[in-house]
Amino acid sequence: MNSASRLAPPRTLIMGVLNVTPDSFSDGGEYLDPQVAIARARELVRQGANIIDVGGESTRPGASPVSLEEEQRRILPVIEALSAEGITVSVDTLHAATARAAVRAGAHYVNDVSGGLHDDEMFQTVAGLSGEHDTRMIIGHWRGVPDPAHSRSEYRDVVVEVSDALAERAVRAVAAGIAPHRIVLDPGLGFDKTAAQGWQLLAHLERLAVLGYPVLIGASRKRMLAETLGAHDDTAARDLATAVVSSLVARSGAWGVRVHDVASTAAALAVTAAFEAGARTATSAGAGFEAQPTRDRITLTGLEVFAYHGVYDFEREQGQRFIIDAEVAVDLSAAAAGDELARTVNYAELVGTILEAVANDPVDLIETLAERVARVALGFAGVRQARVTVHKPDAPIDATFGDVSVTIERGVE
Ligand code: PMM
């Protein structure tokens with residue numbers, strides 16, 4: 001495959017945090033004056049923020065709730081002013097009424113860390129607004145008002161449970177009328193999750209990617225970083241650690257990162273992009289170097305999945321067989337040299353991830369399924385390209401035929 005035929009993943013967006021609150025966990029009280037808040041947002045945009053996330057009620061563990069009136073009094077003038085300047089605004093709220101007022105004031109994203117669980121009206125409200133205002137919904141994973149004692153941080157497998165819970169929330173959002181292309185998912189780092197659980201989630205973003213939605217990560221300045229930094233913890237160190245996380249998750253295909261210090265994350269993402277461009281550039285330094293496109297492949301054929309995709313109602317109701325072939329390009333020399341599973345793609349894990357990507361969330365087209373499978377395959381460490389065929393041997397075609405399939409090839413930039 002030549003480089004021109006590779007699909008470039010979209011670059012990771014930076015969402016700059018603007019807490020217009022007296023008590024947010026890292027910047028509480030600094031931006032309560034609307035003029036100061038607006039000036040701060042402009043500064044964040046100059047530093048590279050693509051979206052400004054405006055919040056008027058702290059969601060940190062132990063914070064006091066505020067009235068809707070107070071929340072809106074804090075944020076609406078700021079949102080109005082920023083959107084009038086053409087700045088893309090997100091509103092960080094748990095409340096449908098505030099979401100509605102914020103969207104009418106110009107917010108383009110509704111960022112609900114409770115994923116619609118705190119306010120029953122949230123999804124319907126956003127659905128009602130989304131057509132007219134093109135509103136997008138960020139759905140966070142949460143188990144209730146954050147508990148400082150972490151009493152709800154028990155998970156059998158945090159990666160699987162967070163991913164399943166977000167899938168369920170996305171289904172509810174779509175059922176309420178929010179179009180799938182308007183949904184973004186967020187694993188909710190720090191919300192009833194320990195530091196170790198947060199790192200597990202970050203290291204397994206491909207499990208969220210299989211759901212087929214863009215993924216936003218909010219690790220900025222959180223306790224998981226402080227615990228990792230230990231004695232060296234201060235705001236500057238947390239911002240540096242946040243920037244490293246931004247780079248790592250960008251490499252894993254995150255759609256966006258929500259950060260307080262935009263400048264350091266913008267620098268980290270620029271370096272990440274330059275590094276990736278370097279890796280794509282062919283070198284004549286000799287065979288065996290990573291920059292030489294590898295010819296090594298892992299190939300999986302005939303993976304059968306029973307699922308409910310198709311244009312016709314009866315296909316959605318009765319289901320049918322789909323057969324998947326997937327070939328991933330990954331340099332296998334290190335795994336072979338050390339006889340180490342950790343240095344290759346574990347094909348059992350690849351199978352599990354593909355099964356999950358194909359079994360859930362019905363779609364009309366096998367093209368969409370193939371895209372989904374390619375995306376999750378590219379989420380595995382070291383995979384540079386993926387070639388995916390989706391067969392639909394029992395497709396409702398009024399003729400005798402052997403098979404029908406689509407094949408796509410995708411690569412990381
Ligand atoms: N974290 C906080 C607030 N809002 N929104 C999203 N989408 N994801 C997060 O992880 C998130 C959020 C809490 O942090 P803050 O008090 O620093 O804003």
Side-chain angles (χ1 to χ4, degrees), residues 12-32 37 40-41 44 49-66 71 74-75 88-95 98-99 102 107-118 122 126 136-143 145-148 162 165-166 169-170 173 183-193 195 197-199 201-202 205 208 213-226 235 238-239 241-242 245-246 249 254-262 265:
T12 301
L13 299 177
I14 303 178
M15 177 183 266
V17 177
L18 186 63
N19 286 318
V20 192
T21 57
D23 59 347
S24 277
F25 101 95
S26 78
D27 55 358
E30 280 183 60
Y31 308 115
L32 260 181
R40 171 65 178 160
L44 294 176
N50 307 99
I51 303 165
I52 300 295
D53 189 40
V54 184
E57 178 183 45
S58 174
T59 45
R60 84 183 154 83
S64 350
V66 296
E71 184 189 32
R74 290 175 185 174
I75 63 173
T88 304
V89 175
S90 157
V91 60
D92 188 348
T93 185
L94 297 167
H95 310 290
T98 299
H108 186 51
Y109 290 85
V110 173
N111 173 23
D112 178 1
V113 296
S114 84
L117 282 172
H118 189 78
M122 183 60 96
V126 174
R136 298 189 70 179
M137 174 90 222
I138 299 166
I139 295 178
H141 175 264
W142 116 320
R143 288 183 152 181
V145 174
D147 174 8
V162 167
L166 284 174
R169 289 283 87 206
I183 293 175
V184 175
L185 300 180
D186 183 329
L189 299 176
F191 291 95
D192 289 311
K193 285 152 206 106
Q197 289 163 344
W199 290 114
L201 285 162
L202 288 180
L205 280 193
L208 283 188
Y213 297 99
V215 175
L216 173 69
I217 295 298
S220 184
R221 295 185 181 171
K222 285 191 176 162
R223 204 164 77 181
M224 60 186 285
L225 303 180
T235 303
R238 280 196 202 190
D239 285 338
T242 302
V245 170
S246 296
V249 300
W255 167 85
V257 285
R258 179 183 181 277
V259 298
H260 298 82
D261 186 52
V262 167
T265 273

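In each ligand, atom 1 is the first atom listed, and ligand 1 is the first ligand listed.
Side-chain atoms of Lys222 never come within 3.5 Å of backbone atoms of Thr242 as a donor-acceptor pair (strictly under, hydrogens ignored). In terms of modelled atom types and a separation under 3.5 Å, the side chain of Asp92 and the main chain of Val54 share no donor-acceptor contact.
The closest approach between a heavy atom of His260 and any atom of ligand 1 is below 4.0 Å. Heavy atoms of Met15 stay at 4.0 angstrom or farther from ligand 1.
When only interatomic distances are considered, the shortest N/O to N/O separation between Ser58 and ligand 1 does not fall below 3.5 Å.
Residue contacts with ligand 1 for Arg221 are absent, since no atom lies close enough (heavy atoms, distance under 4.0 Å). Contacts of Asp53 with ligand 1, taken as heavy-atom pairs under 4.0 Å, are absent altogether. When heavy-atom distances to ligand 1 are checked against a 4.0 Å cut-off, Leu216 comes that close only through its side chain, counted from C-beta outward.
Interface atoms of ligand 1 facing Gly218, defined by a heavy-atom separation under 4.0 Å, are 10 (O). Of all atoms in ligand 1, numbered sequentially from 1 with element shown, those under 4.0 Å from a heavy atom of Asp92 are 3 (C), 4 (N), 12 (C). For ligand 1, the atoms sitting less than 4.0 Å from at least one non-hydrogen atom of Val113 are 4 (N), 5 (N), 6 (C), 11 (C), 12 (C), numbered in the order shown with element in parentheses.
His108 and Thr88 form no side-chain donor-acceptor contact under 3.5 Å, judged by distance and modelled atom types alone. No hydrogens or angles considered: a donor-acceptor pair under 3.5 Å links the side chains of Asp112 and Ser114.
In this view, Arg143 and Glu161 satisfy the side chain to side chain donor-acceptor pair (under 3.5 Å) rule, not counting sequence neighbours. Remark: Asp53 pairs with Arg258 by the salt bridge (Lys or Arg N to Asp or Glu O under 4.0 Å) rule, at least two apart or across chains.
Each of Asp239, Asp261, Thr235 was evaluated against Arg221; a single residue qualifies, Asp239, per the side chain to side chain donor-acceptor pair (under 3.5 Å) test.
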